[in-house]
Structure formats: C-alpha cells, structure tokens
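Below you'll find the structure, written out as structure tokens, and then a few comments.
Here the structure is a predicted model, which is why all the values come from computation and not from measurement.
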Amino acid sequence: MKKLLVIRNDRLGDLMLILPALRIIKSSISDIEIDCLANESYKDLSLLSGDIDNIISDDNLYKSISDKSYNYSISFFSTFNIAYKLWRSNIKRRYAPATKLAQLFSNRAIKQNRSKSLKPEYEYNNDLAYYFLKDNDFEIKKKIDTPLIRLNPQNKIKDRSKKNIFIHPFTGGSSKTLSDNDFIKLCLELHKLCSCRFILHCDKYDYEKCLNIKNMAADLDIDIIKPTGQLMQMFSNINECDLFISGSTGPLHVAGSLNKKTVGFYPSKKSSTSLRWRTINEESNKLSFEDSETDSKYIKVNINSVANEIYNKLLK
C-alpha cells in the first residue's frame, strides 16, 4: 500500500478545503493510505472523512514518519518548522506550492500564485493533487461525489414544519461579518418570506453575545444551540440545519463539507473574497455576498435584496 502524508495544520475552514483534493487522490489510487498532519483539536476528522485514514499532530510527526515510511508528502500549507522536518525525513517526494520560503524544503513544487485569488482555494488544492497524480503516473479521476463528509441525521430538531436556519454571527476575529443588528434584520426579512426557526450557532466564547442577540430578537422564533468543543458534535449539530448563514469562518466550511445550503458574507479585500474562500458544497446549494465597504467594522450589504435572493434560490 502506498502511503501519503498531507499537511494542513492551521484553521478548520482551511482544512475543510483540502477535502476535494483528498477525494480526488483517494478515488484515483485504490491502494493509498492518507494521513493528515493537522491541529490536535481536529483529530476526530478521520472518523468523519472516508478520505483521511489518520490525523497526526506535530508532537508525533517524527514517530509517524518513522513508523509509516511515507512514499510522498503534500504540503497544502506548512510552517517553516514542519517543512524542515519533512526535508530531514526519508520521504522521497515532497510536494508543495512554489510560493513561501518553507517550500524550499520540497523537491516537487508548482507555481500557483494563490495571493492573486484568481480561483477558489479548494481549486488550488485540487491542482496540487492533479500535479501529484500526474507526476507519479496515476490515472486522474476528476469527478468527485458530494458531500465530502457524510453523517446520518440525528433528528435533534423535531419541528420540520419550519425552515431551520442556523446563524453563526461571529468569526472569532478572523474576518469582518454582519453586525448583530443586520443579522437580526436579515432574519426578520426571511421570516416575512417563509416560516423560519432561527438557531444561533456559536462556540462557548460567544455564547453570552448570542444571548444578547436572542434578547434583541424577541419577535422571532429564535434559540441558541448548546456550544460544544467536540468536533464530531459540531458536525452533527450543523448537519441538522436546512440553511447555514455565516461570515467567512470554519463552521461555514463545515456546512459546505456536508453539502448543506450555505450563505456566506465576505470582505471585499483581495485575499478574502467570496471567490477565493468559496465553500465546497454544490453550486446550487450556495450563495455568497461581498462587503460594500461602507463600514470599517462590519460587512454591509443590502439586507432586503439579500433576503430575497436567499429565499428564491435556497428556501423557496
């Protein structure tokens, strides 16, 4: 069996965006084991994804390399330290984008110019997967099935007479998003168009802020999900929604990996556009909106227009 180590040891959303590339590799090579170096808190992802056999952390990287004798590595993202460790290892073919200084430790690289944001991040990842397959004379199977993550519904939400819309109003400081007031206005407009139940989705650090939103939105059928620090529980929770609305953040990409219907709000700056950070669900299941740049703190959009577009494409 061939053995591949892939690197994406940063944020959850970025990790979700390598899943199409891993599906391409798995479907193209019948006898390959894929281990993924990722953040320790995402260790259960191998239980959710059929395309990842094991999640390993930086702490056990050397042991894993020694035990597994990897044939290849692909650095979708890597720090200088990790790239150096891969170079010191006995992995013969080490693939990476030819961009950052760390990639000097790779011996197979392609120039991608990701900073120009000319296409989605997951397509850049797919291109790296195609390069790896072609370089090793594997037949490429480009068509991949969705969702990338499959979960059985838990039927935690009993009332299905209404559209169950998850709102994730905070981004952990990684990006701008709508203000609390604009999220509430959006919910009110959607409620005029169809019968909706809104569920605020957050981590434990934002729970108090979600309580404030709930109190401000007394006219809506709105509740707050119990925050969880468990990856599998978060995936299971998001899998219950009919629609997931968020700024550009990890849970939005989790929803995309489950092929849920998604609405994303994005800054307009070049490195963070809706094109670059598009979710990996089917095109018919997603909408994205970019900032009008009329406010320095929050993303601003035409709420009425956005609500109508969401209803007509995703809720009608």
Side-chain angles (χ1 to χ4, degrees), residues 1-39 42-43 45-46 49-58 60-115 119-142 144 148-149 253 257 276 280:
M1 176 172 284
K2 299 171 181 63
K3 296 179 181 179
L4 167 66
L5 174 64
V6 300
I7 319 297
R8 189 77 228 199
N9 55 329
D10 50 348
R11 296 169 299 185
L12 179 60
D14 302 281
L15 184 57
M16 294 298 98
L17 294 178
I18 73 167
L19 293 180
L22 302 189
R23 176 67 56 85
I24 290 167
I25 294 169
K26 271 281 190 180
S27 61
S28 299
I29 309 174
S30 59
D31 61 335
I32 193 165
E33 178 181 336
I34 300 179
D35 290 357
C36 180
L37 179 70
N39 189 302
Y42 309 143
K43 62 184 179 181
L45 187 59
S46 61
S49 168
D51 303 309
I52 297 175
D53 293 287
N54 301 285
I55 295 287
I56 64 173
S57 65
D58 188 11
N60 60 12
L61 176 59
Y62 274 139
K63 185 177 186 308
S64 295
I65 289 174
S66 176
D67 292 347
K68 293 293 184 72
S69 299
Y70 294 109
N71 305 97
Y72 325 96
S73 68
I74 301 177
S75 296
F76 293 101
F77 168 86
S78 182
T79 61
F80 190 90
N81 179 50
I82 296 298
Y84 175 73
K85 288 179 179 179
L86 295 177
W87 176 69
R88 288 286 306 273
S89 73
N90 291 319
I91 302 174
K92 301 301 182 185
R93 295 194 172 196
R94 303 179 305 279
Y95 294 82
T99 50
K100 296 182 179 180
L101 182 62
Q103 311 318 336
L104 291 173
F105 294 113
S106 300
N107 57 7
R108 295 286 195 283
I110 57 170
K111 191 172 182 179
Q112 292 193 303
N113 295 314
R114 294 192 183 206
S115 62
K119 56 184 171 180
E121 181 74 2
Y122 69 82
E123 288 191 11
Y124 287 116
N125 294 332
N126 291 354
D127 289 345
L128 191 51
Y130 294 142
Y131 173 64
F132 159 73
L133 291 168
K134 186 175 181 180
D135 191 55
N136 290 284
D137 297 320
F138 294 115
E139 182 181 353
I140 298 173
K141 295 183 179 178
K142 290 190 176 184
I144 60 174
L148 277 302
I149 301 288
H253 291 291
S257 75
R276 175 73 182 275
I280 56 176

Counting only N and O atoms by type, is there a donor-acceptor contact under 3.5 Å from the side chain of [X] to the main-chain atoms of [Y]?
| X | Y | answer |
| --- | --- | --- |
| Arg114 | Arg276 | no |
| Thr79 | Ile82 | yes |
| Ser75 | Phe77 | no |
| Asn60 | Ser57 | yes |
| Ser28 | Lys141 | yes |
| Ser89 | Ile91 | yes |

If you compare all heavy atoms of [X] against all heavy atoms of [Y], which two are closest, and at what distance to 0.1 Å?
| X | Y | answer |
| --- | --- | --- |
| Ser64 | Tyr70 | O-CE1, 3.7 Å |
| Ala98 | Ala109 | CB-CB, 3.8 Å |
| Leu12 | Tyr42 | N-OH, 3.2 Å |
| Ser46 | Ile55 | N-CG1, 3.9 Å |
| Leu22 | Ile52 | CD1-CG1, 3.6 Å |

Salt-bridged, Glu121 to Arg8, with N to O below 4.0 Å?
yes

Rounded to the nearest 0.5 Å, what's the gap from [atom1] on [X] to [atom2] on [Y]? Could you check?
| X | Y | atom1 | atom2 | answer |
| --- | --- | --- | --- | --- |
| Tyr130 | Ile110 | OH | CD1 | 11.5 Å |
| Leu133 | Ile29 | CG | CD1 | 5.0 Å |
| Asn54 | Ile34 | CG | CD1 | 11.0 Å |
| Leu17 | Tyr122 | CG | OH | 9.0 Å |
| Ile18 | Cys36 | CD1 | SG | 4.5 Å |
| Asp10 | Asn39 | CG | CG | 9.0 Å |

Just one of Lys68, Lys26, Lys3 clears the salt bridge (charged side-chain N to carboxylate O under 4.0 Å, His left out) bar with Asp53, so which one?
Lys26

Test log, rule side-chain contact (heavy atoms from CB on, under 4.5 Å), inputs Leu86 and Leu5
CA-CA 10 Å; Leu86 295 177; Leu5 174 64; 3.8 Å; yes

Any side-chain donor near an acceptor of the partner, [X] and [Y], under 3.5 Å:
| X | Y | value |
| --- | --- | --- |
| Arg93 | Asn136 | yes |
| Asn126 | Arg23 | no |
| Tyr95 | Asn107 | no |

Evaluate the ring planes of Tyr72 and Phe132, with Trp represented by its six-membered ring, and classify them as parallel (under 30°), tilted (30 to 60°) or perpendicular (over 60°).
perpendicular

Report the C-alpha distance between Ile149 and Leu45 in whole Å, list the side-chain angles of each, state the deciding distance to 0.1 Å, and finish with yes or no for side-chain contact (heavy atoms from CB on, under 4.5 Å).
CA-CA 9 Å; Ile149 301 288; Leu45 187 59; 4.2 Å; yes

Would Lys85 pass as a cation-pi partner of Tyr62, given that its NZ or CZ must be under 6.0 Å from the six-membered ring centre and within 45 degrees of the axis?
yes

Is the shortest heavy-atom distance from the side chain of Val6 to the side chain of Asp35 under 4.5 Å?
no

Take Phe80 and Phe105, measure what ring pair (Phe, Tyr, Trp, His ring centres under 6.0 Å) needs, and give me the verdict at the end.
CA-CA 9 Å; Phe80 190 90; Phe105 294 113; 5.1 Å; yes

Between Ile74 and Ile7, does a side-chain contact (heavy atoms from CB on, under 4.5 Å) hold up when you go through it step by step?
CA-CA 6 Å; Ile74 301 177; Ile7 319 297; over 6 Å; no

Let's go through Asn125 and Leu19 carefully: what are the C-alpha distance in whole Å and the side-chain angles of both, what is the deciding distance for side-chain contact (heavy atoms from CB on, under 4.5 Å) to 0.1 Å, and is it a yes or a no?
CA-CA 9 Å; Asn125 294 332; Leu19 293 180; over 6 Å; no

